[in-house]
Amino acid sequence: MSVRVRFAPSPTGYLHVGNARTALFNWLYARHHQDGKLILRIEDTDKERSTKEFEQGLIDDLKWLGMDWDEGPDVGGEHGPYRQSERDDTYQTYQKQLQEKELVYRCFCSQEELKQRREAALAAGKPPKYDNRCRDLSNEQIASFETEGRVCVWRFKVPVGRVITFDDAVRGEVRFDCDTMGDFVIFKGDGGPTFHFSVVIDDHLMQINHVIRGEDHLSNTPKHILLYEAIGAEPPKYGHLPLILGSDRAPLSKRHGKTSVRQYREMGYPPEAVINYLSLLGWSPKDNREVFKPEDLISIFSIDNLNKSGAVFDVEKMGWISAQHMKEKNPKEILEHAMPALIEAKKVSEPLSAEESDRLEKMVAAVRSGLRYYNQLPEQMDLFMNDEFEIAEAEALEVLKQEHVAPLLKEFSQKVSELDDYSNESIKGCFKAIQKETGIKGKNFFLPVRLSLTGQLHGPEIVDVFPALGKERLLKRIDRVRNLYVEAGT
RNA sequence: GACCCUAUCGUCUAGCCCGGUUAGGACACAGCCCUUUCACGGCUGCGGCGCGGGUUCAAAUCCCGCUGGGGUCGCCA
């Protein structure tokens with residue numbers, strides 16, 4: 001039997017990195033197996049909070065991460081529809097079945113009553129579970145509640161004295177005593193199914209045979225197993241992933257910083273880097289490698305290598321992973337991806353001429369080392385953009401004040417005007433010649449040169465600045481600095 | 001509170017199942033090297049088996065207890 005897994009998000013916000021990782025592991029699991037299928041299902045039974053915009057956002061972000069699925073609301077499939085909001089009839093059918101089998105009953109307790117009882121139980125140090133009080137209502141009582149106009153929900157009769165055990169793919173055998181569980185709601189007052197019901201019906205009908213989901217569902221699993229039993233179906237194999245935590249080891253939330261894939265996407269992290277980092281949270285290939293392309297992950301992923309304990313999300317490490325992926329890209333590629341950010345920052349405007357993009361690529365080549373994400377580029381490229389830079393730093397002004405600077409830059413300007421070949425060798429040759437002629441070397445040479453070119457004490461390799469600027473701008477810069485900042489001398 | 005899950009450097013983790021390792025790697029941090037400079041890269045260092053019992057010649061590894069963290073106990077999913 002081929003693997004069928006699913007990712008079932010609720011469209012109530014942007015894709016959270018925790019959900020993204022759940023999706024990722026499902027995707028990797030499906031793609032790792034011959035003929036494995038991934039199903040995307042939208043769990044929008046919460047009508048209050050679900051929106052179409054978020055649904056589209058989820059799909060966009062998943063696609064951006066490089067994942068694909070075989071069935072889903074956008075691609076169709078033979079087990080649809082893939083939005084729970086469109087599956088009401090199906091749920092009704094199964095609800096009737098359970099009614100006929102007398103596995104469910106109507107509960108007329110109001111939400112306020114339930115809340116009060118929960119709080120009272122908690123205060124008394126008792127488990128705040130539902131007390132099953134509507135389980136054996138007489139027909140008269142039901143009739144009386146109905147005439148009162150009370151809304152009812154349907155609850156599932158949790159068997160007494162049962163222990164549910166299942167073999168979790170990441171945790172091993174897990175057991176739950178049904179007596180610690182109250183009868184739970186499977187149909188809400190608004191007539192819609194609860195998560196517990198819809199998830200089981202859908203997973204069953206969509207023939208999902210492996211459910212890989214977050215650890216927050218571990219304690220819900222016995223309920224789901226009970227429901228499978230109730231509809232006469234075989235439960236899937238479960239695997240519960242550890243949670244992703246913030247730096248204080250509380251579940252990762254907004255107060256810890258950026259938690260949605262969209263935010264990292266907007267910062268310009270490459271998707272394969274995000275995937276790579278997420279894959280390392282709760283999973284390890286067991287050897288010492290940790291930089292992987294998506295296809296590598298697919299081939300080496302194994303559900304057996306999953307971790308049991310929560311993992312703290314560390315942006316720092318994600319940045320390092322990302323830098324490793326950035327290294328694999330050539331300047332042209334980086335430039336393409338960084339264009340939106342560059343345009344946004346008004347560093348460039350489209351369309352680009354061939355020369356412009358050629359020059360931009362050279363700028364990228366000069367500043368790319370250590371780059372973690374695309375949106376770092378506009379700032380990095382600042383020094384190439386404005387030829388009329390100010391030099392305000394005291395230390396820099398100090399350097400330019402030195403006596404030898406005027407003759408040095410004069411000579412530098414002269415040599416640059418004669419130089420047309422911007423290969424490393426040729427530029428270094430040019431430097432050597434100036435050093436020989438002026439007798440100025442080391443810092444005394446390079447610092448003024450750097451300042452005349454970029455206005456800054458730090459920056460990329462000087463030799464990389466040449467092709468990035470081109471002769472005209474090189475000369476413009478040098479001469480401008482000579483005029484404005486260097487003591488008139490020789 | 002009950003039930004369930006979980007615990008190796010600050011962080012991600014390997015090792016645990018099948019007891020014997022100088023407990024390995026990576027991020028971060030510190031130092032050194034490379035470099036005109038920052039970054040990159042290279043090298044070195046710092047740093048860990050939550051606690052207490054037990055079993056054993058020997059425990060990160062097996063058992064028990066405790067403690068810490070998390071989850072569930074919702075007409076949210």
Side-chain angles (χ1 to χ4, degrees), chain A residues 8-12 19 43-46 48-50 84 107 109-111 114-115 118 121-130 151-155 168 170-172 174-177 179-182 184-196 198-199 213-223 240 242-243 245 247-251 277 280-291 305 307-321 323-324 327 367-371 380 431 441-450 454 456-462:
Chain A
S10 286
T12 56
N19 289 133
E43 307 221 322
D44 53 356
T45 53
D46 183 347
E48 304 284 303
R49 299 193 300 143
S50 303
Q84 292 188 328
C107 165
C109 301
S110 73
Q111 302 206 45
L114 290 168
K115 193 179 166 203
R118 257 197 305 277
L122 230 27
K126 287 183 189 145
K129 61 171 189 175
Y130 178 63
V151 179
C152 79
V153 300
W154 289 88
R155 286 186 187 266
D168 191 273
V170 346
R171 278 148 227 283
V174 181
R175 37 196 317 136
F176 285 90
D177 186 342
D179 293 348
T180 64
M181 237 188 292
F184 53 92
V185 176
I186 63 163
F187 259 85
K188 303 188 266 192
D190 64 5
T194 61
F195 157 74
H196 300 300
S198 55
V199 80
R213 52 163 35 164
E215 191 188 349
D216 44 340
H217 290 305
L218 189 62
S219 305
N220 291 147
T221 304
K223 295 184 182 117
H240 288 92
L243 262 25
L245 315 173
S247 48
D248 56 358
R249 304 204 77 86
Y277 177 65
L280 262 17
L281 254 25
W283 172 83
S284 134
K286 306 277 181 197
D287 54 28
N288 286 333
R289 293 176 303 159
E290 47 186 13
V291 180
N305 292 354
N307 253 110
K308 296 181 177 69
S309 57
V312 173
F313 186 86
D314 179 12
V315 188
E316 205 48 67
K317 178 119 188 197
M318 183 164 88
W320 180 82
I321 294 276
Q324 306 308 306
K327 270 187 207 165
V367 299
R368 58 172 301 189
S369 77
L371 208 60
Q380 298 280 315
F431 287 169
K441 286 180 222 167
K443 282 192 172 187
N444 286 335
F445 174 85
F446 282 102
L447 249 31
V449 162
R450 173 178 292 283
T454 67
Q456 291 171 12
L457 259 2
H458 308 297
E461 298 280 346
I462 290 289

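All chains are named by letter (A, B, ...) in the order of the sequence lines, taking the proteins before the strands, and each is independently numbered beginning at 1.
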(request) Could you tell me which residues satisfy salt bridge (Lys or Arg N to Asp or Glu O under 4.0 Å) with A/E461, sequence neighbours excluded, listed by chain and number? (result) none
(message) Could you tell me how far apart A/D287 (CG) and B/A26 (P) are, to the nearest whole angstrom?
(response) 13 Å
(request) Would you kindly give the NZ-to-C1' distance between A/K308 and B/C12, to the nearest whole Å? (result)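 My rounded result for the distance is 17 Å.
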(message) Taking the minimum atom-to-atom distance to the side chain of A/K327, which one of B/G25, B/C38, B/G41 wins?
(response)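 Nearest to the side chain of A/K327 among the choices is B/G41.
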(message) Checking contacts here: which listed nucleotide (B/U8, B/C27, B/A14) is nearest the side-chain heavy atoms of A/N307?
(response) B/A14
(message) Once you apply a heavy-atom cut-off of 4.0 Å, does A/G459 come out as touching a base, just sugar-phosphate, or nothing?
(response)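 Result for A/G459 = base.
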(message) For A/R213, give me all partners under side chain to side chain donor-acceptor pair (under 3.5 Å), at least two apart in sequence or on another chain.
(response)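 Counting only residues at least two positions away or on another chain, A/R213 forms a side chain to side chain donor-acceptor pair (under 3.5 Å) with A/T221, A/H224, A/H240.
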(request) Under a 3.5 Å limit for both distances, which nucleotide forms a Watson-Crick or G-U wobble pair with B/G68, could you say? (result) B/U6
(message) Checking base pairs now: Watson-Crick or wobble, both atom distances under 3.5 Å. What partners B/G47?
(response) none
(request) Return yes if the base of B/A39 and the side-chain atoms of A/S369 contain a donor-acceptor N/O pair under 3.5 Å, otherwise no. (result) yes
(message) Between B/A2 and A/K126, counting only base atoms on the nucleotide and side-chain atoms on the residue, is there a donor-acceptor pair under 3.5 Å?
(response)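 No, no donor-acceptor pair under 3.5 Å.
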(request) With C1' as the reference atom in both, quote the distance from B/G47 to B/U55 in angstrom, rounded to an integer. (result)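 After rounding to an integer number of Å, I get 32 Å for this pair.
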(message) Taking B/U11 as the reference, what is the distance to B/A28 when you measure between their P atoms (whole Å, please)?
(response) 16 Å
(message) Please tell me if A/K317 has a side-chain N or O lying less than 4.0 Å from either OP1 or OP2 of B/A28.
(response) no
(message) One character per nucleotide, please: for nucleotides 69-77 of chain B, 5' to 3', B when the base has a protein heavy atom closer than 4.0 Å, S when only the sugar-phosphate does, - otherwise.
(response) SSBSBSBBB
